Protein chains: 2
Amino acid sequence: MSSVPAAENVLRLLTYLAAHRRPVAASAVARDLGLPRSSVYHLLAVASERGFVVHLPAERRYALGPAAFELSGGYASQQPLARLGRPLLAQLVDRLRESGHLAVLHGADVLYLVEERAPRRPSLVSDVGVRLPAHLTASGRAMLAALSPAQRRAAVPLPLVTRHGDPMSPARLHAMLATARRTGLAVEDGEVTPGLASMGVAVLDRAGWPAAALAITFRASDDAPRNEIASQLTATARELERRLFGS
Amino acid sequence: MSSVPAAENVLRLLTYLAAHRRPVAASAVARDLGLPRSSVYHLLAVASERGFVVHLPAERRYALGPAAFELSGGYASQQPLARLGRPLLAQLVDRLRESGHLAVLHGADVLYLVEERAPRRPSLVSDVGVRLPAHLTASGRAMLAALSPAQRRAAVPLPLVTRHGDPMSPARLHAMLATARRTGLAVEDGEVTPGLASMGVAVLDRAGWPAAALAITFRASDDAPRNEIASQLTATARELERRLFGS
DNA sequence: CGATAGTGTCTGATATCCCAGACAATGGAG
DNA sequence: CTCCATTGTCTGGGATATCAGACACTATCG
């Protein structure tokens, strides 16, 4: 425990609320975070005053407030990745008429920073600010492929499971990542959303570390223009690297 | 000051970082938040451990981290507005081929929750998680128009200024809001971004309070299909009301 | 290069925050 | 309706978090 426990606990509270798809009861917070109930009320009170939490008295529950949401705007401004990546991704999506996103690796997951939806395409499961396990997504695989073996071991938790909780073979992931390393392209086909496939390309920094990945999501049909997508996606990732890191 | 000052201060820290477009030095945090320097380092340390802040040693500055960004995903999930509004806005944007957004009123500002960019349209100034003064935007005007006079007085700070810092007449805003009230439509023309205009319609709850506004941004030319935009926008706002609040 | 200002880390005494617990209010089930 | 569980609010003493300050390190400027 840190030297500023109240500060740490309020951050744990926000993280907890963000992980829940529904507003949460104070007693659940106390139980799940292992904090005294009265302390939780204090934290909720101060977080409410500051706009990070809203109390829903009718439901006797708490949810994140506008100030929590607003951090995303600040993050996006401070992060060159999102700021420089967005217009490039927008152009790519306009050209290909398929939806795309920019994601970063965060622990064992990918975190989606930018999403560009193409016309007549559904909103993606990869909503901004949402996480998915890296090993299940094209973006995640592209980035994992670019890590050193030690980094990869640290990033990927065992045992591996699919999106539905079934076991997944490490050898299968290993083979996919080897292919991604060789071709520069990572793929995902129907594993996140049936009927949809994705291609991902890592955006590497000067040290070869995957700072991000760009991906395009398309219908998994036989006539999908995979070669076109692959070459445009790769060119866009290279351009983003150039803008971010110089070349 | 609250009964949990460390919790409050770490939230103030996050708010401060979110308000800065660039990473920030610890000494600036201490100075501007009026906190002891050593306390700031403690807060930054715990926020870093929890992923809410990242330290950029090369610049000797601090920025928001991925956990801060991730709160936006949680917020969007918990908020029916964003969840139910996004697909409706997506359809509207696909139909009109113009970009649109969904915003809420927060203090004197609008806060953008959802943005849908149309093909070949620029990324909007109204990036998600960003604020603009309500009185300058179509969404904000639509919502201000729907407030009671007392609520409006509380929401709109005087003196009014334009985006470039010039004075703006309260009588002019008053006239615009009266028109918006009469027609159900609020407009903004070149004031946020030269050459671009927006139309906004408020989404009212059962008590007639503006829970949100939908807006469409388009080129401010004489041949813009304003009537088409107006009727589609209004229909979408009514549908969102129906889905959120029943009718 | 040296001087200076700023950054980061650490310390410890004392003021204050945190926790356990009590009580009031509310909601739901039988 | 009563009973019980849950939610929300409040209290106060002792453990500990906080603040002022010291020191080491780093970057910049003349």
Side-chain angles (χ1 to χ4, degrees), chain A residues 1-65 67-68 74 78-79 206, chain B residues 1-65 67-68 74 78:
Chain A
M1 188 54 88
S2 80
S3 65
V4 264
E8 182 166 21
N9 288 330
V10 79
L11 297 177
R12 290 173 68 220
L13 167 66
L14 295 180
T15 302
Y16 179 86
L17 288 178
H20 287 77
R21 303 283 115 177
R22 293 289 181 226
V24 173
S27 55
V29 174
R31 185 194 69 221
D32 293 340
L33 296 187
L35 295 173
R37 221 162 50 80
S38 62
S39 298
V40 168
Y41 281 105
H42 282 302
L43 295 177
L44 288 167
V46 76
S48 290
E49 281 156 29
R50 289 280 157 180
F52 282 87
V53 167
V54 289
H55 184 213
L56 311 172
E59 302 173 43
R60 313 176 77 166
R61 288 173 175 251
Y62 296 82
L64 289 171
Q78 290 164 9
Q79 268 275 10
R206 285 182 158 224
Chain B
M1 188 53 86
S2 80
S3 65
V4 263
E8 183 166 19
N9 288 329
V10 80
L11 298 178
R12 289 173 66 218
L13 168 66
L14 296 180
T15 303
Y16 178 86
L17 288 178
H20 286 76
R21 304 283 112 177
R22 294 288 181 231
V24 175
S27 56
V29 174
R31 185 194 67 222
D32 293 342
L33 296 188
L35 295 174
R37 226 165 44 84
S38 60
S39 299
V40 168
Y41 280 104
H42 280 301
L43 296 178
L44 288 167
V46 76
S48 290
E49 282 156 28
R50 289 281 158 179
F52 282 87
V53 167
V54 290
H55 184 210
L56 310 172
E59 303 173 43
R60 312 178 77 165
R61 286 174 178 250
Y62 296 81
L64 289 171
Q78 290 164 9

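Only a predicted model underlies this, so the values are computations on that prediction, with no experimental measurement involved. Each chain gets a letter, A, B and so on, in the order its sequence line appears, and its residues count up from 1.
Between B:Ala6 and B:Pro57, the one whose closest nucleotide on DNA chain C sits nearer the 5' end is B:Pro57.
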Quick one: which protein N/O atoms are closer than 3.5 Å to N/O atoms of nucleotides 22-29 of chain C? Pair and distance per line, please.
| from | atom 1 | to | atom 2 | distance (Å) |
| --- | --- | --- | --- | --- |
| C:dG27 | O4' | A:Arg60 | NH1 | 3.0 |

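Listed by chain and number, the residues in a side-chain hydrogen bond (donor to acceptor under 3.5 Å, both in side chains) with A:His42 are B:Ser3 (sequence neighbours excluded). In this structure A:Val40 satisfies the side-chain contact (heavy atoms from CB on, under 4.5 Å) test together with A:Ala26, A:Val29, A:Ala30, A:Leu35, A:Leu44, sequence neighbours excluded. Taking the ring pair (Phe, Tyr, Trp, His ring centres under 6.0 Å) definition, one finds that A:Tyr62 meets it with A:His55, sequence neighbours left out. With sequence neighbours excluded, the residues satisfying side-chain hydrogen bond (donor to acceptor under 3.5 Å, both in side chains) with A:Arg50 are B:Glu8. For A:Ala7, the side-chain contact (heavy atoms from CB on, under 4.5 Å) partners are A:Val4, B:Ala6, B:Val10, B:Leu43, B:Val46, not counting sequence neighbours.
Closest to the A:Pro36 side chain, of the nucleotides D:dC19, C:dA20, C:dC18, is C:dA20.
In this structure a side-chain-to-backbone donor-acceptor pair under 3.5 Å is present from A:Gln78 to B:Leu17.
Donor-acceptor pairing under 3.5 Å, judged by distance alone, is absent between the side chain of B:Ser39 and the base of D:dA17.
Applying the side-chain hydrogen bond (donor to acceptor under 3.5 Å, both in side chains) rule to pairs touching residues 28-41 of chain B yields B:Tyr16-B:Asp32, sequence neighbours excluded.
A heavy atom closer than 4.0 Å to some atom of DNA chain D occurs in A:Ala25, A:Ser27, these being the qualifying members of residues 18-31 of chain A.
End-to-end axis angle of the helix from C:dC1-D:dG30 to C:dG30-D:dC1, using five pairs per end and rounding to 10°, comes to 50°.
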